[in-house]
Amino acid sequence: MDNVLSDVYDDRVVIPDAQMNLFGLEPKDIIARQPAVPGVFFDAPDIELDYDIAVICMSGGKDSLAALKYLLDRGFPASRIELWHHLVDGLEAADSFMDWPFIDDYCVKLAEALDMPLYRSWLKHGFKGEMLKHNSRSHPHLVGTPDGVVELPRNAAKEATRLRFPQQAASLQTRWCSSALKIDVGRRALTCQERFIDKKVLFVTGERRQESSNRAKYNQLEPHSTDTVRKSARPLKPRHVDAWRPVLHLSEEEVWEMLCDWRINPPVPYRLGWGRSSCQTCIFNGDRIWATIAHYWPERVQEIAQYEEQFGTAISRNGKTVVERARLAEPLKIDDEQALRQASRHDYELPIFVPEGQSWTLPAGAFSGVSAGAS
Ligand code: SF4
(Lines give C-alpha, C1' and ligand atoms only; values in the text may rest on other atoms or scores of the structure.)
Protein backbone atom coordinates (compact mmCIF):
# COMPACT_ATOMS: atom_id res chain seq x y z
CA MET A 1 0.00 0.00 0.00
CA ASP A 2 1.48 3.43 -0.88
CA ASN A 3 1.49 6.31 1.61
CA VAL A 4 -1.71 7.94 0.38
CA LEU A 5 -3.61 4.66 0.49
CA SER A 6 -2.27 3.72 3.91
CA ASP A 7 -3.27 7.16 5.28
CA VAL A 8 -6.79 6.68 3.96
CA TYR A 9 -6.89 3.19 5.45
CA ASP A 10 -5.67 4.49 8.84
CA ASP A 11 -8.23 7.33 8.84
CA ARG A 12 -11.17 5.12 7.97
CA VAL A 13 -10.38 1.78 9.52
CA VAL A 14 -7.51 1.72 12.01
CA ILE A 15 -8.14 4.96 13.90
CA PRO A 16 -11.95 4.58 14.22
CA ASP A 17 -11.49 1.02 15.45
CA ALA A 18 -8.83 2.09 17.95
CA GLN A 19 -11.12 4.88 19.24
CA MET A 20 -14.02 2.46 19.61
CA ASN A 21 -11.84 0.08 21.59
CA LEU A 22 -11.12 2.90 24.06
CA PHE A 23 -14.85 3.06 24.81
CA GLY A 24 -15.25 -0.72 24.91
CA LEU A 25 -17.28 -0.72 21.70
CA GLU A 26 -17.22 -3.10 18.76
CA PRO A 27 -17.36 -1.83 15.16
CA LYS A 28 -20.88 -3.27 14.79
CA ASP A 29 -22.08 -0.97 17.62
CA ILE A 30 -21.36 2.21 15.69
CA ILE A 31 -24.23 2.97 13.35
CA ALA A 32 -22.48 5.98 11.81
CA ARG A 33 -19.78 3.75 10.35
CA GLN A 34 -22.28 1.95 8.20
CA PRO A 35 -22.73 3.27 4.65
CA ALA A 36 -25.96 5.14 3.86
CA VAL A 37 -27.01 2.23 1.61
CA PRO A 38 -25.95 -1.18 2.97
CA GLY A 39 -23.03 -2.65 1.09
CA VAL A 40 -22.37 0.52 -0.97
CA PHE A 41 -18.99 2.23 -0.59
CA PHE A 42 -17.78 5.16 -2.67
CA ASP A 43 -14.18 4.34 -1.68
CA ALA A 44 -13.21 0.72 -1.07
CA PRO A 45 -9.64 0.20 -2.28
CA ASP A 46 -9.06 -2.63 0.18
CA ILE A 47 -11.79 -5.07 1.12
CA GLU A 48 -11.95 -8.39 2.90
CA LEU A 49 -11.44 -10.94 0.14
CA ASP A 50 -13.51 -13.75 1.66
CA TYR A 51 -15.18 -14.68 -1.64
CA ASP A 52 -15.70 -18.15 -3.09
CA ILE A 53 -15.19 -16.97 -6.67
CA ALA A 54 -13.84 -13.83 -8.32
CA VAL A 55 -15.08 -13.11 -11.84
CA ILE A 56 -12.78 -10.69 -13.68
CA CYS A 57 -14.34 -8.99 -16.69
CA MET A 58 -11.37 -9.15 -19.04
CA SER A 59 -11.52 -6.80 -22.02
CA GLY A 60 -7.83 -7.26 -22.82
CA GLY A 61 -7.07 -3.62 -21.93
CA LYS A 62 -4.64 -2.30 -19.34
CA ASP A 63 -7.23 -1.53 -16.67
CA SER A 64 -8.82 -4.99 -16.59
CA LEU A 65 -5.31 -6.48 -16.49
CA ALA A 66 -4.46 -4.16 -13.59
CA ALA A 67 -7.68 -5.15 -11.79
CA LEU A 68 -6.65 -8.81 -12.04
CA LYS A 69 -3.13 -8.04 -10.79
CA TYR A 70 -4.56 -5.96 -7.92
CA LEU A 71 -6.51 -9.00 -6.73
CA LEU A 72 -3.54 -11.35 -7.07
CA ASP A 73 -1.28 -8.88 -5.21
CA ARG A 74 -3.69 -8.98 -2.28
CA GLY A 75 -3.37 -12.74 -2.02
CA PHE A 76 -6.65 -13.82 -3.59
CA PRO A 77 -6.05 -17.43 -4.75
CA ALA A 78 -5.58 -17.68 -8.52
CA SER A 79 -7.46 -21.01 -8.39
CA ARG A 80 -10.67 -19.14 -7.45
CA ILE A 81 -10.43 -16.59 -10.29
CA GLU A 82 -12.16 -16.89 -13.64
CA LEU A 83 -11.87 -14.50 -16.57
CA TRP A 84 -14.97 -13.45 -18.51
CA HIS A 85 -14.73 -11.88 -21.93
CA HIS A 86 -17.76 -10.36 -23.64
CA LEU A 87 -17.44 -10.56 -27.43
CA VAL A 88 -18.70 -7.26 -28.85
CA ASP A 89 -19.01 -8.62 -32.41
CA GLY A 90 -20.29 -12.04 -31.34
CA LEU A 91 -18.82 -15.17 -32.89
CA GLU A 92 -21.06 -15.64 -35.92
CA ALA A 93 -19.40 -13.29 -38.45
CA ALA A 94 -15.95 -14.04 -39.89
CA ASP A 95 -14.78 -10.40 -39.77
CA SER A 96 -14.70 -7.84 -37.00
CA PHE A 97 -17.01 -4.87 -37.30
CA MET A 98 -16.21 -2.96 -34.07
CA ASP A 99 -13.62 -4.89 -32.07
CA TRP A 100 -9.97 -5.66 -32.81
CA PRO A 101 -9.72 -8.93 -34.76
CA PHE A 102 -7.17 -10.44 -32.33
CA ILE A 103 -8.77 -9.43 -29.01
CA ASP A 104 -10.70 -12.67 -28.53
CA ASP A 105 -7.61 -14.82 -29.14
CA TYR A 106 -5.52 -12.46 -26.96
CA CYS A 107 -7.85 -13.22 -24.03
CA VAL A 108 -7.64 -16.96 -24.80
CA LYS A 109 -3.82 -16.87 -24.80
CA LEU A 110 -3.73 -14.67 -21.71
CA ALA A 111 -5.90 -17.14 -19.79
CA GLU A 112 -3.66 -20.01 -20.94
CA ALA A 113 -0.54 -18.12 -19.80
CA LEU A 114 -2.11 -17.46 -16.40
CA ASP A 115 -3.61 -20.96 -16.14
CA MET A 116 -7.06 -19.51 -15.44
CA PRO A 117 -10.40 -20.49 -17.01
CA LEU A 118 -11.81 -18.09 -19.59
CA TYR A 119 -15.53 -17.99 -20.29
CA ARG A 120 -16.71 -16.03 -23.34
CA SER A 121 -20.24 -14.76 -23.65
CA TRP A 122 -22.00 -12.64 -26.24
CA LEU A 123 -25.19 -11.39 -27.79
CA LYS A 124 -25.81 -13.54 -30.88
CA HIS A 125 -24.73 -11.64 -34.04
CA GLY A 126 -23.08 -9.04 -31.79
CA PHE A 127 -23.04 -5.28 -32.32
CA LYS A 128 -24.09 -5.39 -35.96
CA GLY A 129 -27.04 -7.73 -35.30
CA GLU A 130 -28.36 -5.42 -32.56
CA MET A 131 -27.79 -2.29 -34.64
CA LEU A 132 -29.74 -3.76 -37.57
CA LYS A 133 -32.73 -4.74 -35.42
CA HIS A 134 -35.81 -3.75 -37.43
CA ASN A 135 -39.27 -4.51 -36.02
CA SER A 136 -37.73 -7.61 -34.53
CA ARG A 137 -36.71 -9.08 -31.18
CA SER A 138 -33.19 -8.98 -29.75
CA HIS A 139 -31.10 -12.06 -30.44
CA PRO A 140 -30.42 -14.68 -27.74
CA HIS A 141 -27.51 -14.48 -25.33
CA LEU A 142 -24.80 -17.13 -25.54
CA VAL A 143 -22.98 -17.84 -22.32
CA GLY A 144 -19.79 -19.83 -21.84
CA THR A 145 -19.94 -22.09 -18.77
CA PRO A 146 -17.76 -24.93 -17.42
CA ASP A 147 -20.19 -27.32 -19.19
CA GLY A 148 -20.09 -25.56 -22.57
CA VAL A 149 -21.95 -22.71 -24.24
CA VAL A 150 -25.60 -22.20 -23.29
CA GLU A 151 -28.06 -20.32 -25.54
CA LEU A 152 -30.57 -18.20 -23.61
CA PRO A 153 -33.63 -16.96 -25.53
CA ARG A 154 -35.11 -13.47 -25.00
CA ASN A 155 -38.76 -14.44 -24.75
CA ALA A 156 -39.74 -11.34 -22.78
CA ALA A 157 -38.15 -8.93 -25.27
CA LYS A 158 -40.50 -6.76 -27.34
CA GLU A 159 -40.10 -6.17 -31.06
CA ALA A 160 -38.18 -2.96 -31.70
CA THR A 161 -36.09 -1.05 -34.21
CA ARG A 162 -32.63 0.42 -33.80
CA LEU A 163 -31.10 1.11 -37.27
CA ARG A 164 -28.58 3.53 -35.81
CA PHE A 165 -25.27 3.47 -34.00
CA PRO A 166 -25.21 3.91 -30.23
CA GLN A 167 -25.06 7.59 -29.41
CA GLN A 168 -22.14 9.20 -27.57
CA ALA A 169 -23.77 9.68 -24.18
CA ALA A 170 -23.38 8.65 -20.56
CA SER A 171 -26.89 7.14 -20.62
CA LEU A 172 -26.76 3.41 -21.30
CA GLN A 173 -30.11 3.64 -23.11
CA THR A 174 -28.69 5.71 -25.94
CA ARG A 175 -25.16 4.32 -25.64
CA TRP A 176 -26.76 0.90 -25.95
CA CYS A 177 -23.61 -1.05 -26.90
CA SER A 178 -22.21 -1.13 -23.34
CA SER A 179 -25.48 -2.37 -21.87
CA ALA A 180 -26.66 -4.72 -24.63
CA LEU A 181 -23.28 -6.28 -25.42
CA LYS A 182 -21.53 -6.31 -22.05
CA ILE A 183 -23.59 -5.48 -18.95
CA ASP A 184 -26.74 -7.48 -19.84
CA VAL A 185 -24.67 -10.41 -21.09
CA GLY A 186 -22.65 -10.50 -17.84
CA ARG A 187 -25.81 -10.27 -15.76
CA ARG A 188 -27.39 -13.16 -17.66
CA ALA A 189 -24.19 -15.23 -17.31
CA LEU A 190 -24.46 -14.86 -13.53
CA THR A 191 -28.16 -15.58 -13.20
CA CYS A 192 -28.28 -18.59 -15.55
CA GLN A 193 -25.70 -20.66 -13.68
CA GLU A 194 -26.71 -22.65 -10.61
CA ARG A 195 -23.07 -22.84 -9.55
CA PHE A 196 -23.29 -19.27 -8.16
CA ILE A 197 -26.16 -20.10 -5.80
CA ASP A 198 -25.19 -20.10 -2.10
CA LYS A 199 -21.84 -18.61 -3.10
CA LYS A 200 -20.14 -15.33 -2.35
CA VAL A 201 -19.05 -13.90 -5.68
CA LEU A 202 -16.84 -10.89 -6.41
CA PHE A 203 -17.58 -9.35 -9.81
CA VAL A 204 -14.56 -7.27 -10.82
CA THR A 205 -14.38 -4.58 -13.52
CA GLY A 206 -11.55 -2.22 -14.42
CA GLU A 207 -13.03 1.30 -14.62
CA ARG A 208 -10.97 4.23 -13.28
CA ARG A 209 -12.28 7.58 -11.98
CA GLN A 210 -9.60 9.47 -13.88
CA GLU A 211 -11.06 8.30 -17.22
CA SER A 212 -14.13 10.54 -17.22
CA SER A 213 -16.38 12.74 -15.11
CA ASN A 214 -19.01 10.00 -15.35
CA ARG A 215 -16.70 7.32 -13.96
CA ALA A 216 -15.49 9.72 -11.25
CA LYS A 217 -18.93 9.28 -9.64
CA TYR A 218 -18.89 5.46 -9.57
CA ASN A 219 -19.02 3.57 -6.28
CA GLN A 220 -16.02 1.34 -5.70
CA LEU A 221 -17.97 -1.45 -3.99
CA GLU A 222 -21.69 -2.19 -4.16
CA PRO A 223 -24.08 -5.14 -4.42
CA HIS A 224 -24.21 -6.31 -8.03
CA SER A 225 -27.59 -6.14 -9.76
CA THR A 226 -27.76 -9.96 -9.65
CA ASP A 227 -27.31 -10.11 -5.88
CA THR A 228 -30.37 -11.63 -4.20
CA VAL A 229 -29.38 -11.91 -0.55
CA ARG A 230 -29.65 -8.18 0.05
CA LYS A 231 -32.87 -7.79 -1.95
CA SER A 232 -34.90 -10.32 -0.03
CA ALA A 233 -34.91 -11.86 3.44
CA ARG A 234 -35.45 -15.35 2.01
CA PRO A 235 -34.44 -15.40 -1.65
CA LEU A 236 -35.35 -18.45 -3.72
CA LYS A 237 -31.87 -18.43 -5.24
CA PRO A 238 -29.53 -17.00 -2.60
CA ARG A 239 -26.62 -15.36 -4.37
CA HIS A 240 -24.24 -12.85 -2.76
CA VAL A 241 -22.60 -10.86 -5.55
CA ASP A 242 -20.52 -7.75 -4.96
CA ALA A 243 -19.40 -5.49 -7.80
CA TRP A 244 -15.89 -4.21 -7.06
CA ARG A 245 -13.84 -1.74 -9.08
CA PRO A 246 -10.43 -2.25 -7.49
CA VAL A 247 -8.47 0.17 -9.71
CA LEU A 248 -11.12 2.92 -9.67
CA HIS A 249 -8.88 5.22 -7.60
CA LEU A 250 -5.63 4.55 -9.49
CA SER A 251 -3.93 6.91 -11.92
CA GLU A 252 -2.82 5.85 -15.40
CA GLU A 253 0.76 6.01 -14.14
CA GLU A 254 0.02 3.56 -11.32
CA VAL A 255 -1.64 1.16 -13.78
CA TRP A 256 1.37 1.16 -16.14
CA GLU A 257 3.67 0.65 -13.15
CA MET A 258 1.68 -2.45 -12.19
CA LEU A 259 1.88 -3.88 -15.71
CA CYS A 260 5.61 -3.10 -15.87
CA ASP A 261 6.24 -4.87 -12.52
CA TRP A 262 4.20 -7.83 -13.79
CA ARG A 263 6.20 -7.73 -17.07
CA ILE A 264 3.05 -8.16 -19.07
CA ASN A 265 3.47 -6.95 -22.66
CA PRO A 266 1.46 -3.75 -23.21
CA PRO A 267 -1.63 -4.73 -25.25
CA VAL A 268 -1.36 -4.02 -28.98
CA PRO A 269 -3.74 -1.00 -29.22
CA TYR A 270 -1.47 1.03 -26.88
CA ARG A 271 1.56 0.01 -28.92
CA LEU A 272 -0.17 1.45 -31.99
CA GLY A 273 -0.76 4.76 -30.19
CA TRP A 274 -4.31 4.31 -28.93
CA GLY A 275 -4.82 5.90 -25.49
CA ARG A 276 -7.37 3.21 -24.63
CA SER A 277 -7.97 -0.35 -25.69
CA SER A 278 -11.69 -0.47 -26.34
CA CYS A 279 -13.30 -1.52 -29.61
CA GLN A 280 -11.06 -0.59 -32.55
CA THR A 281 -13.87 1.44 -34.12
CA CYS A 282 -15.34 2.64 -30.80
CA ILE A 283 -18.09 5.25 -31.10
CA PHE A 284 -16.01 7.53 -28.83
CA ASN A 285 -12.95 7.57 -31.10
CA GLY A 286 -11.59 11.01 -31.89
CA ASP A 287 -10.80 12.34 -35.40
CA ARG A 288 -7.12 11.32 -35.14
CA ILE A 289 -8.02 7.68 -34.49
CA TRP A 290 -10.52 7.68 -37.38
CA ALA A 291 -7.76 9.15 -39.57
CA THR A 292 -5.42 6.36 -38.44
CA ILE A 293 -7.97 3.62 -39.12
CA ALA A 294 -8.74 5.15 -42.54
CA HIS A 295 -5.01 5.13 -43.34
CA TYR A 296 -4.16 1.58 -42.22
CA TRP A 297 -7.52 -0.24 -42.41
CA PRO A 298 -9.66 1.84 -44.85
CA GLU A 299 -12.28 -0.91 -45.29
CA ARG A 300 -13.22 -0.63 -41.58
CA VAL A 301 -14.02 3.08 -41.89
CA GLN A 302 -15.83 2.64 -45.21
CA GLU A 303 -18.15 -0.02 -43.78
CA ILE A 304 -19.13 2.18 -40.84
CA ALA A 305 -19.62 5.26 -43.02
CA GLN A 306 -21.94 3.28 -45.33
CA TYR A 307 -24.18 2.44 -42.37
CA GLU A 308 -24.10 6.08 -41.18
CA GLU A 309 -25.35 7.12 -44.61
CA GLN A 310 -27.96 4.33 -44.75
CA PHE A 311 -29.34 5.31 -41.31
CA GLY A 312 -29.14 9.05 -41.98
CA THR A 313 -27.53 9.39 -38.54
CA ALA A 314 -23.80 9.63 -37.96
CA ILE A 315 -21.99 8.36 -34.87
CA SER A 316 -20.76 11.89 -34.22
CA ARG A 317 -23.15 14.45 -32.82
CA ASN A 318 -21.89 17.00 -35.36
CA GLY A 319 -23.37 14.86 -38.16
CA LYS A 320 -20.05 14.17 -39.91
CA THR A 321 -19.48 10.59 -41.05
CA VAL A 322 -16.36 8.78 -39.92
CA VAL A 323 -14.87 9.24 -43.41
CA GLU A 324 -15.39 13.02 -43.16
CA ARG A 325 -13.91 13.08 -39.66
CA ALA A 326 -10.88 11.06 -40.79
CA ARG A 327 -10.07 13.86 -43.26
CA LEU A 328 -9.86 16.39 -40.42
CA ALA A 329 -6.74 14.94 -38.76
CA GLU A 330 -3.35 13.44 -39.44
CA PRO A 331 -3.08 9.68 -38.84
CA LEU A 332 -0.80 8.42 -36.07
CA LYS A 333 2.59 7.39 -37.36
CA ILE A 334 2.95 3.77 -36.31
CA ASP A 335 6.57 2.60 -35.98
CA ASP A 336 5.86 -0.66 -34.15
CA GLU A 337 5.80 -3.10 -37.09
CA GLN A 338 5.09 -6.13 -34.89
CA ALA A 339 2.01 -4.51 -33.38
CA LEU A 340 0.86 -3.29 -36.80
CA ARG A 341 1.03 -6.80 -38.27
CA GLN A 342 -0.78 -8.25 -35.25
CA ALA A 343 -3.54 -5.64 -35.50
CA SER A 344 -4.90 -7.18 -38.72
CA ARG A 345 -4.76 -10.82 -37.62
CA HIS A 346 -7.27 -12.96 -35.80
CA ASP A 347 -4.70 -15.25 -34.16
CA TYR A 348 -2.72 -13.57 -31.40
CA GLU A 349 0.93 -14.37 -31.99
CA LEU A 350 2.94 -12.05 -29.73
CA PRO A 351 4.19 -13.06 -26.27
CA ILE A 352 1.85 -12.33 -23.35
CA PHE A 353 4.77 -11.59 -21.01
CA VAL A 354 7.97 -9.79 -21.97
CA PRO A 355 10.52 -12.56 -22.59
CA GLU A 356 13.50 -13.00 -20.22
CA GLY A 357 16.38 -10.67 -21.11
CA GLN A 358 14.17 -8.07 -22.83
CA SER A 359 13.14 -4.84 -21.17
CA TRP A 360 9.56 -3.74 -20.67
CA THR A 361 8.76 -0.63 -22.77
CA LEU A 362 6.07 1.96 -22.18
CA PRO A 363 3.85 1.90 -25.30
CA ALA A 364 3.31 4.88 -27.61
CA GLY A 365 -0.31 5.32 -26.50
CA ALA A 366 0.47 5.68 -22.77
CA PHE A 367 -0.28 9.21 -21.51
CA SER A 368 -0.92 10.24 -25.12
CA GLY A 369 -4.34 11.71 -24.44
CA VAL A 370 -5.38 10.54 -27.95
CA SER A 371 -9.14 10.28 -27.79
CA ALA A 372 -10.07 6.61 -28.18
CA GLY A 373 -12.54 4.33 -26.48
CA ALA A 374 -15.49 4.58 -24.15
CA SER A 375 -15.76 7.28 -21.51
S1 SF4 B 1 -15.78 0.15 -26.57
FE2 SF4 B 1 -17.01 1.79 -27.50
S3 SF4 B 1 -18.14 0.86 -29.21
FE4 SF4 B 1 -17.29 -0.82 -27.95
S5 SF4 B 1 -18.97 -1.35 -26.59
FE6 SF4 B 1 -17.72 0.16 -25.48
S7 SF4 B 1 -18.61 2.20 -25.97
FE8 SF4 B 1 -19.44 0.68 -27.42
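Whatever order the structure lists them in is the order used to number ligands and atoms, beginning at 1.
- By the 6.0 Å contact criterion, NZ on K231 is enclosed, its count of non-hydrogen atoms from other residues, nucleotides or ligands being greater than 12.
- Classified by interplanar angle (parallel below 30°, tilted 30° to 60°, perpendicular above 60°), the ring pair W360/W256 is tilted.
- Ligand-side atoms of ligand 1 in range of K182: 5 (S), 6 (Fe), range being under 4.0 angstrom from any heavy atom.
- L181 does not count as a contact of ligand 1, since none of its heavy atoms falls under 4.0 Å from the ligand.
- Sorted by first then second residue, the side chain to side chain donor-acceptor pair (under 3.5 Å) pairs that include residues 99-111, not counting sequence neighbours, are D104-R120, D105-K109.
- Atom CG of D50 is surrounded by more than 12 heavy atoms from other residues, nucleotides or ligands within 6.0 Å.
- Inclusion of C177 in the first shell of atom 4 (Fe) of ligand 1 is not supported: no N, O or S atom falls under 2.8 Å.
- Remark: ligand 1 atoms within the under-4.0 Å shell around heavy atoms of C279 are 1 (S), 3 (S), 4 (Fe).
- Ligand 1 places these atoms under 4.0 Å from at least one heavy atom of S278: 1 (S).
- Listed by first and then second residue, the salt bridge (charged side-chain N to carboxylate O under 4.0 Å, His left out) pairs that reach into residues 309-332 are D287-R325, sequence neighbours excluded.
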